[in-house]
Amino acid sequence: MKINSYFEDQVQIVDIDSVRLDAGNAPEFKDGILQFINGEDIIIDFRNLEFIDSSGLSALVYLHKQAQNNNIRLKLVNLSPRIMDILKTTGLVQILQIYPDVESAKKDI
Amino acid sequence: MKINSYFEDQVQIVDIDSVRLDAGNAPEFKDGILQFINGEDIIIDFRNLEFIDSSGLSALVYLHKQAQNNNIRLKLVNLSPRIMDILKTTGLVQILQIYPDVESAKKDI
Amino acid sequence: MPEKPVILEIVIPGDIKLLSLLGDLVEIFIQKTLNNGSNIEDLAFQMNLALTEASSNAILHGCKNNPDRSVKIRLELQNDSLTLEVSDNGSGFNLKDINAPEPYQEKGRGLYIIKQLMDSVEYKISDKESKFVMHKKIAPKAKAS
Amino acid sequence: MPEKPVILEIVIPGDIKLLSLLGDLVEIFIQKTLNNGSNIEDLAFQMNLALTEASSNAILHGCKNNPDRSVKIRLELQNDSLTLEVSDNGSGFNLKDINAPEPYQEKGRGLYIIKQLMDSVEYKISDKESKFVMHKKIAPKAKAS
Ligand SMILES: Nc1ncnc2c1ncn2[C@@H]1O[C@H](COP(=O)(O)OP(=O)(O)O)[C@@H](O)[C@H]1O
Ligand SMILES: Nc1ncnc2c1ncn2[C@@H]1O[C@H](COP(=O)(O)OP(=O)(O)O)[C@@H](O)[C@H]1O
């Protein structure tokens, strides 16, 4: 999994190249994102992601809680309709911060 | 399988959309091409083809012989390196008329 | 749909790095076997997810992620239904009521997701193996119009 | 490569329309299981072709293209070799010397192609089934440098 971080208009954006986030690579994803959770809000761009399982969801919940503990916001963008379905089924849309795209996530400060 | 025929500089060109030519669709291919074997030379453009089996090869041999009987030429173009390998292994490069692309097939009258 | 059932079986070592193979293969297999009908893509995706959940449980809980053990999956496609089976040689567990997990919970969403995707699930434990069986009805093939 | 073998089994009705499923699945399976090493793509393609040849024989000659019969394929991936098996319930045939076909011949290239692609082939007939078995050595996984 390649995790790539860059700044756009002073906002930290992280994108991952994986098409699948499952029990096989969720630990790597979790550790990879964790290092960016320090001073500033983060946007994770999931435009490449086509599949997520419950281990991937667990990683998102964990990272969301870590961000809260650090008083920053973790914003998830470009989630596919199928992944949105899974987030709805599991009730995670209620707690995670989800935006349609990078632009709308940047605007909401 | 879609078999599409058109004329370019008065030369008849036929292309097929299949990525596979095997025992499952070789009869359809054979019958589809047969109807174009009448008065004029034909170029078959295989740029979409990624796989051929012995039934596909048999169809090519049959069509080649039909063309010979009708005193026309059946030219095969845009064969992938892997398909060329199979034609070499089976000795069919010796009898079939193979060209790298449509242009070179058109030039060789 | 063909007259006889279509069956796919895969046996892999209990290694979580092989997990993605199983789900993706099942998705492709369903797409290619039932290659007409517009909702096949969704069905194939859902079965990928259900199988991935059951298989990661079999690998992580059943085999303790030990590649010297193995996990077997089996998909049987009938005319109007499909069955997914995931077996391991672990000691099994007690399949009780599967309830919706709390959003802030960090574990325990796998079986719940499976339950949402399938029509019924059962768990069979014998001396030889623990087998998780999942059923789904599928819409009969649409007639070409 | 994992410690235990990786096994793929598929059972389909004897219907030539399902032929492409088998070869493509085997190709994808090999690619995903041995997902490093540059010559994997070629190996996977060659096994697609060998399996397609043996399966079309099993469907057309073994099952007479009758979907009420079935064909079983099995791929076993070991550390340094792979075995492909194709079984049908037909009456079988006599595997003799496999010779290069004449270019103008319209049939009989399947077994010859298989022989070129594999290291060895055998044919086993029992009361229950006819089984065509193909072996291939594979280069051990290249160590990451
Ligand atoms: N194949 C299995 N072997 C042993 N225990 C299992 C198996 N599948 C599920 N379980 C048990 O069921 C529990 C719930 O599974 P699940 O809902 O998938 O959540 P999670 O795997 O995140 O804990 C697991 O924690 C485990 O104790
Ligand atoms: N599974 C099988 N069952 C019965 N006969 C078979 C089987 N496989 C191969 N054969 C016999 O071997 C012959 C040669 O096969 P092959 O080289 O693939 O060429 P083709 O299928 O074009 O005849 C077939 O014509 C058939 O008689």
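A, B, ... follow the sequence lines: proteins, then strands. Residue 1 opens every chain. All values below come from the heavy atoms of this structure, side chains included, with hydrogens, waters and symmetry mates left out.
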Counting only heavy atoms closer than 4.5 Å, note whether Q68(B) contacts chain D via side chain, backbone, both or neither.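 Only the side chain of Q68(B) comes within 4.5 Å of chain D.
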Side chain, backbone, both or neither of L96(B) within contact of chain D (heavy atoms, under 4.5 Å):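 Neither part, no heavy atoms under 4.5 Å.
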Between CD on residue E53(D) and OG on residue S55(B), distance to nearest 0.5 Å: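 Separation between the atoms: 6.5 Å.
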Hey, what do you get for CZ (R82(B)) to CD (E41(D)), rounding to the nearest 0.5 Å?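 Output value for this atom pair is 6.5 Å.
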Charged N to carboxylate O under 4.0 angstrom, D53(B) versus R109(D)?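 Between R109(D) and D53(B) there is no salt bridge, as every charged N stays at least 4.0 Å from the carboxylate O atoms.
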I'd like to check [X] versus [Y] (side-chain heavy atoms, cut-off strictly below 4.5 Å). Are they in contact?
X       : Y       : answer
K65(B)  : E106(D) : yes
T52(D)  : F51(B)  : yes
I113(D) : L57(B)  : yes
I86(B)  : L49(D)  : yes

Mark yes when over 12 heavy atoms from residues, nucleotides or ligands other than [X] sit less than 6.0 Å from its [atom1]; otherwise mark no.
X       : atom1 : result
Q10(B)  : CD    : no
E102(D) : CD    : no
K106(B) : NZ    : yes

One pair to check against side chain to side chain contact (heavy atoms under 4.5 Å, CB included): N48(D) and R20(B). What are the steps and the verdict? CA-CA 11 Å; N48(D) 180 341; R20(B) 261 183 90 95; 3.1 Å; yes
For D24(D), is it the side chain, the backbone, both, or neither that has a heavy atom closer than 4.5 Å to a heavy atom of chain B?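 D24(D) touches chain B through backbone and side-chain heavy atoms alike.
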Which bit of L60(D) comes within less than 4.5 Å of chain B, counting heavy atoms only: side chain, backbone, both or neither?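 Contact with chain B: side chain only.
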To check you understand the geometry: which heavy-atom pair defines the closest contact between L19(D) and G24(B), and what is its length?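 Closest heavy-atom pair between L19(D) and G24(B): CD2-N, 3.9 Å.
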On a heavy-atom basis, which atom in V61(B) and which in P103(D) lie closest, and how many Å separate them?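 For V61(B) and P103(D), the tightest heavy-atom pair comes out as CG2-O, 3.7 Å.
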Under 30°, 30 to 60°, or over 60°: which ring-plane class applies to Y104(D) and H64(B), parallel, tilted or perpendicular?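 Because their plane-to-plane angle lies in the 30° to 60° range, the rings of Y104(D) and H64(B) count as tilted.
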